[in-house]
Amino acid sequence: MTDTQIFEPDGRAIPFADEGDGPVKLVLIQERDVAADVLGVVSHYLAEEAGFHVVRIGHRAGDDVDLDARVHDALDVIEHVGLGDTWIGGHGFGGTIARAFAVAHADRVNGLALLGVEEDETPLAPVMPVLIIQGTDDTTTPFAHGERLQATAPERASVKSVEGGEHMFPMTHPIETAVIIEEYLDWD
């Protein structure tokens, strides 16, 4: 798998990994307070087996970093690696950042891929397609969170499940998670 790099715009140390060079571009933002490699196997599968270009973004240190600053971090990494437009998504809080990014930078986003949706007031950006993946046994971000978010845009949002998946399903069920993403994004 690809090693994590550190990008330091204005002294902010933002961890990221960049792998693959395929035509489908996907940015994934990790859940907060978990190991940086939670999305590693999913990303590697999508880059190596599905031919995607995947950028995985972590979180810089500091509890005082708000949602807008995290969106700015994602934009800086996306520009640093040279992505124009891309799918963006994330796991848990990473998905909340992706939703806020899509609202703030809709012209840069082809769609959303949200894994383990948090209960949050961040809206879905208009028009773009939304893939929601929930673990069926997730008690941190229950399946109902994904269903409620999907109900706000039923004509363009789809909910898929990872059977038996708890909150860390991207790490415990990485191939199942990656295949759902591959099948959904591959039509784009």
Side-chain angles (χ1 to χ4, degrees), residues 1-2 4 16-17 19-20 22 24-59 70 74 86-102 109-120 122-125 128-188:
M1 284 194 277
T2 302
T4 300
F16 76 98
E19 62 184 317
V24 177
K25 294 163 183 33
L26 172 63
V27 172
L28 290 173
I29 304 169
Q30 74 180 29
E31 173 68 289
R32 65 180 141 205
D33 301 326
V34 296
D37 66 352
V38 169
L39 296 170
V41 175
V42 171
S43 298
H44 188 70
Y45 174 92
L46 290 169
E48 294 299 316
E49 300 299 324
F52 286 19
H53 180 180
V54 183
V55 175
R56 201 168 65 250
I57 301 175
H59 299 284
R70 303 251 186 227
T86 183
W87 279 79
I88 190 166
H91 176 226
F93 180 62
T96 301
I97 296 167
R99 286 160 57 185
F101 184 96
V109 179
N110 297 328
L112 287 165
L114 307 173
L115 291 66
V117 172
E118 285 189 318
E119 190 166 37
D120 185 84
T122 304
L124 291 173
M128 63 188 63
V130 181
L131 170 62
I132 300 166
I133 306 173
Q134 297 290 125
T136 59
D137 295 343
D138 186 344
T139 58
T140 304
T141 55
F143 199 86
H145 290 183
E147 291 175 319
R148 278 194 292 278
L149 185 61
Q150 189 267 345
T152 67
E155 70 288 350
R156 58 192 174 88
S158 299
V159 180
K160 305 293 183 186
S161 62
V162 174
E163 191 62 40
E166 296 179 359
H167 185 60
M168 300 306 279
F169 70 86
M171 185 170 65
T172 60
H173 297 76
I175 303 305
E176 295 95 322
T177 303
V179 167
I180 292 169
I181 294 169
E182 176 186 16
E183 289 176 352
Y184 191 87
L185 271 62
D186 216 16
W187 66 265
D188 186 30

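Residues: numbered from 1 along the sequence shown.
In this structure, Ile133 CD1 and Ser161 OG are separated by 10.0 Å, a value rounded to the nearest 0.5 Å. Between atom CD1 of residue Ile88 and atom CZ of residue Phe101 there is a gap of 4.5 Å, rounded to the nearest 0.5 Å. With rounding to the nearest 0.5 angstrom, the CD atom of Glu48 is 11.5 Å from the OG atom of Ser43. A distance of 4.0 Å separates CG in Leu149 from CG in Leu124, rounded to the nearest 0.5 Å. Note: His91 NE2 to Thr96 OG1 = 11.0 Å, rounded to the nearest 0.5 Å. Between Leu28 atom CG and Trp87 atom CH2 the span is 12.0 Å, to the nearest 0.5 Å.
In this structure, Arg99 contributes its side chain and Asp120 its backbone to a donor-acceptor pair below 3.5 Å. Counting only distance, with no hydrogens or angles, the side chain of Glu166 and the backbone of Asp138 share no donor-acceptor pair below 3.5 Å. Judged by distance alone, with hydrogens and angles left aside, the side-chain atoms of Gln150 form a donor-acceptor pair with the main-chain N or O of Ala157 at under 3.5 Å. At distances below 3.5 Å, at least one donor-acceptor pair connects side-chain atoms of Gln134 with backbone N or O atoms of Pro142. Put simply, the side chain of His145 never gets that close to the backbone of Gly116: no donor and acceptor are under 3.5 Å apart.
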Practice prompt. Would you check, one step at a time, whether the test side-chain contact (heavy atoms from CB on, under 4.5 Å) holds for Met168 with Val34?
Written response: CA-CA 9 Å; Met168 300 306 279; Val34 296; 3.8 Å; yes
Discussion item. For a side-chain contact (heavy atoms from CB on, under 4.5 Å) check, start with the C-alpha distance between Glu176 and Phe169, then their side-chain angles and the critical distance, and finish with the verdict.
Written reply: CA-CA 9 Å; Glu176 295 95 322; Phe169 70 86; over 6 Å; no
Worksheet item: Where do Ile29 and Arg70 land on the side-chain contact (heavy atoms from CB on, under 4.5 Å) test, with the steps shown first?
Response: CA-CA 10 Å; Ile29 304 169; Arg70 303 251 186 227; over 6 Å; no
Item to complete: For the pair Gln30 and Val38, evaluate side-chain contact (heavy atoms from CB on, under 4.5 Å) and give the outcome as yes or no after the intermediate values.
Response: CA-CA 7 Å; Gln30 74 180 29; Val38 169; 5.7 Å; no
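When all heavy atoms of Pro154 and Ala151 are compared, the closest pair comes out as CD-O, 3.3 Å. Residues Val54 and Ala47 approach most closely at CG2-N, 4.2 Å, considering heavy atoms. For Gly146 against Val159, the heavy-atom pair with the smallest separation is O-CG2, 3.6 Å. The two atoms that bring Pro170 and Leu39 nearest to each other are CB-CD2, 3.7 Å, heavy atoms only. The heavy-atom pair separating Phe52 from Glu182 by the smallest distance is CZ-CA, 3.9 Å. The shortest non-hydrogen separation linking His173 to Gly164 is CE1-O, 3.8 Å.
For the pair Ser158 and Tyr184, the minimum side-chain heavy-atom distance is below 4.5 Å.
Just one residue in the list Thr140, Thr141, Asp137 forms a side-chain hydrogen bond (donor to acceptor under 3.5 Å, both in side chains) with His167, and that residue is Thr141. For the side-chain contact (heavy atoms from CB on, under 4.5 Å) criterion with Ile180, the lone passing option out of Ile175, Leu185, Leu131 is Leu131.
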